Amino acid sequence: MALVPYEEGGGWGARQLHSPWVTHRFASRTIRLRQDWRGLGVAAVVWDAAVVLCAYLEMGVIDLRDRSVIELGAGTGLLGIVATLLGARVTITDRAAALQFLESNVQANLPPEIRPRAVVKELTWGKDLGSFSPGAFDFILGADIVYLEETFAELLQTLDYLCSEQTVILLSCRIRYERDHKFLKMLRGRFSVSEVHYDSSKDVHIYKAQRASHKDDF
């Protein structure tokens with residue numbers, strides 16, 4: 001799940017996380033998402049990294065129309081929903097415990113005519129890879145999925161499996177701890193990595209990664 005360490009605190013941000021519903025507007029549509037802090041915890045709320053990556057995709061820097069996309073650790077599904085609205089064919093993944101919740105948000109926010117372009121599917125990093133075609137995706141998206149050091153090896157294994165020479169990985173995250181830098185170092189050991197966007201208001205970085213032998217831009 002798209003978990004991140006979280007310390008209880010007051011203020012508007014905490015109220016947003018605990019709210020049962022949150023609304024965003026992307027791709028000319030209002031997206032209303034159910035949150036479930038009490039039941040699923042930090043995996044079932046919208047974090048800034050997802051909002052920033054959605055805004056980046058909406059800028060049109062990359063063309064998602066008819067491209068094959070997979071989202072890892074989807075949580076509420078915001079990122080996968082926006083990618084679908086922008087024209088992609090999206091596989092939206094998370095662990096089994098979050099799938100029913102995730103599916104409900106996806107179904108509620110996609111018009112019937114484009115729902116077939118989005119598929120919700122179970123993926124536990126490093127364990128369910130056999131049900132996916134290796135190298136079948138043009139883009140791999142992840143928002144705030146770099147969080148637990150014990151999952152880093154499985155996440156890298158999953159990225160490696162899903163990537164072809166042409167696949168572009170976009171990871172959106174806030175660098176909170178030294179272990180986050182460790183993951184970026186591990187990622188650079190397998191992929192060519194560059195920072196393509198930084199939102200200073202939310203302190204969120206977007207990193208692009210591709211196989212080291214592939215030098216082309218988007």
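These numbers were taken from a predicted model, which means no experiment stands behind them.
- A heavy-atom distance below 4.5 Å is found between the side chains of Ile175 and Cys173.
- Of the candidates Asp203, Val52, Ile206, Tyr198 forms a side chain to side chain contact (heavy atoms under 4.5 Å, CB included) with just one, namely Asp203.
- Residue pairs meeting the salt bridge (charged side-chain N to carboxylate O under 4.0 Å, His left out) criterion with at least one partner in residues 49-76, sequence neighbours excluded, are Asp63-Arg65, Arg67-Asp138.
- Taking Asp180 as the reference, nothing meets the side chain to side chain donor-acceptor pair (under 3.5 Å) condition, with sequence neighbours excluded.
- Annotation: side chain of Thr93 is in contact with side chain of Phe132 (closest heavy-atom distance under 4.5 Å).
- The shortest non-hydrogen separation linking Ile140 to Cys163 is CD1-SG, 3.7 Å.
- Note on Val193: it clusters hydrophobically with Leu162, by side-chain heavy-atom contacts below 4.5 Å among ILVMFWY residues.
- For Val69 against Ala88, the heavy-atom pair with the smallest separation is CG2-CB, 3.7 Å.
- Between the OH atom in Tyr207 and the CG atom in Leu53 there is a gap of 13.5 Å [rounded to 0.5 Å].
- Smallest separation of non-hydrogen atoms from Ala27 and Leu86: CB-CD2, 4.0 Å.
- Scored by the salt bridge (charged side-chain N to carboxylate O under 4.0 Å, His left out) test, Arg89 finds no partners at all (sequence neighbours excluded).
- One finds the CD atom of Glu178 at 5.5 Å from the NE2 atom of His181 (value rounded to the nearest 0.5 Å).
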All N/O donor-acceptor pairs, side-chain side in residues 96-107, below 3.5 Å, sequence neighbours left out:
| unit_1 | atom_1 | unit_2 | atom_2 | d |
| --- | --- | --- | --- | --- |
| Glu103 | OE2 | Gln107 | NE2 | 2.7 |
| Ser104 | OG | Arg34 | NH2 | 3.2 |
| Ser104 | OG | Phe101 | O | 2.6 |
| Asn105 | OD1 | Arg34 | N | 2.8 |
| Asn105 | ND2 | Arg34 | O | 3.1 |
| Asn105 | ND2 | Thr76 | O | 3.0 |

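- By the 4.5 Å heavy-atom criterion applied to side chains, Leu156 and Leu187 are counted as neighbours.
- For residues 152-161, every residue pair satisfying the salt bridge (charged side-chain N to carboxylate O under 4.0 Å, His left out) rule, not counting sequence neighbours, is listed here: Asp160-Arg190, Asp160-Arg211.
- In terms of heavy atoms, Ser164 sits closest to Gly135 at CB-O, 3.5 Å.
- Remark: Ser201 pairs with Asp199 by the side chain to side chain donor-acceptor pair (under 3.5 Å) rule, at least two apart or across chains.
- A distance of 9.5 Å separates CG in Leu129 from OG1 in Thr124, rounded to the nearest 0.5 Å.
- Looking only at side-chain heavy atoms (C-beta outward), Leu78 and Trp47 stay at 4.5 Å or farther from each other.
- Annotation: salt bridge (charged side-chain N to carboxylate O under 4.0 Å, His left out) contacts of Lys127 (sequence neighbours excluded): none.
- Using a 4.5 Å heavy-atom threshold, the side chains of Gln35 and Trp21 count as separate.
- Inter-residue side-chain proximity for Thr91 and Leu123 is flagged as unmet; no heavy-atom pair is nearer than 4.5 Å.
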Chi angles and distances behind the side-chain contact (heavy atoms from CB on, under 4.5 Å) call for Leu159, Phe191: CA-CA 10 Å; Leu159 292 172; Phe191 299 94; 4.2 Å; yes
Where do Val119 and Ile92 land on the side-chain contact (heavy atoms from CB on, under 4.5 Å) test, with the steps shown first? CA-CA 6 Å; Val119 176; Ile92 307 173; over 6 Å; no
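- Take Ala55 and apply the side-chain contact (heavy atoms from CB on, under 4.5 Å) test, not counting sequence neighbours, and it matches Phe26.
- Put simply, OG on Ser192 and NZ on Lys208 are 7.5 Å apart, with the number rounded to the nearest 0.5 Å.
- The closest side-chain heavy-atom distance from Leu79 to Leu57 is below 4.5 Å.
- Scanning all heavy atoms of the two residues, the minimum distance from Leu171 to Phe183 falls at CD1-CE2, 4.0 Å.
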Please determine whether side chain to side chain donor-acceptor pair (under 3.5 Å) holds for the pair Thr30 and Arg25, giving the CA-CA distance in whole Å, both sets of side-chain angles, and the decisive distance to 0.1 Å. CA-CA 4 Å; Thr30 297; Arg25 188 162 181 85; 2.7 Å; yes
Would you check, one step at a time, whether the test side-chain contact (heavy atoms from CB on, under 4.5 Å) holds for Leu72 with Leu141? CA-CA 6 Å; Leu72 306 183; Leu141 306 179; over 6 Å; no
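- Legend: residues meeting salt bridge (charged side-chain N to carboxylate O under 4.0 Å, His left out) with Glu122, ordered by chain and number and at least two apart, are absent.
- Here the rule is side chain to side chain contact (heavy atoms under 4.5 Å, CB included) with Cys54, and of Val82, Ile31, Leu85 only Val82 fits it.
- From Phe137, atom CZ reaches atom OH of Tyr161 across 9.5 Å, with rounding to the nearest 0.5 Å.
- Counting all heavy atoms, side chain and backbone alike, Ser68 lies closest to Ala136 at OG-O, 3.4 Å.
- With sequence neighbours excluded, the residues forming a ring pair (Phe, Tyr, Trp, His ring centres under 6.0 Å) with His197 are Tyr56, listed by chain and number.
- Residue pairs meeting the salt bridge (charged side-chain N to carboxylate O under 4.0 Å, His left out) criterion with at least one member in residues 112-121, sequence neighbours excluded, do not occur.
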Do Leu110 and Ile81 pass the side-chain contact (heavy atoms from CB on, under 4.5 Å) test, and can you show the C-alpha distance, the side-chain angles, and the key distance before you say yes or no? CA-CA 7 Å; Leu110 291 178; Ile81 290 166; 4.0 Å; yes
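- Qualifying side chain to side chain donor-acceptor pair (under 3.5 Å) partners for Ser194, counting only residues two or more places apart in sequence or in other chains: none.
- Rounding to the nearest 0.5 angstrom, the gap separating the CD atom in Glu150 from the CZ atom in Arg179 is 8.5 Å.
- Ion pairing between a basic and an acidic side chain is recognised when a charged N comes within 4.0 Å of a carboxylate O; Arg174 and Asp48 show such pairing.
- Using a 4.5 Å heavy-atom cutoff, the side chains of Ile62 and Phe139 are in contact.
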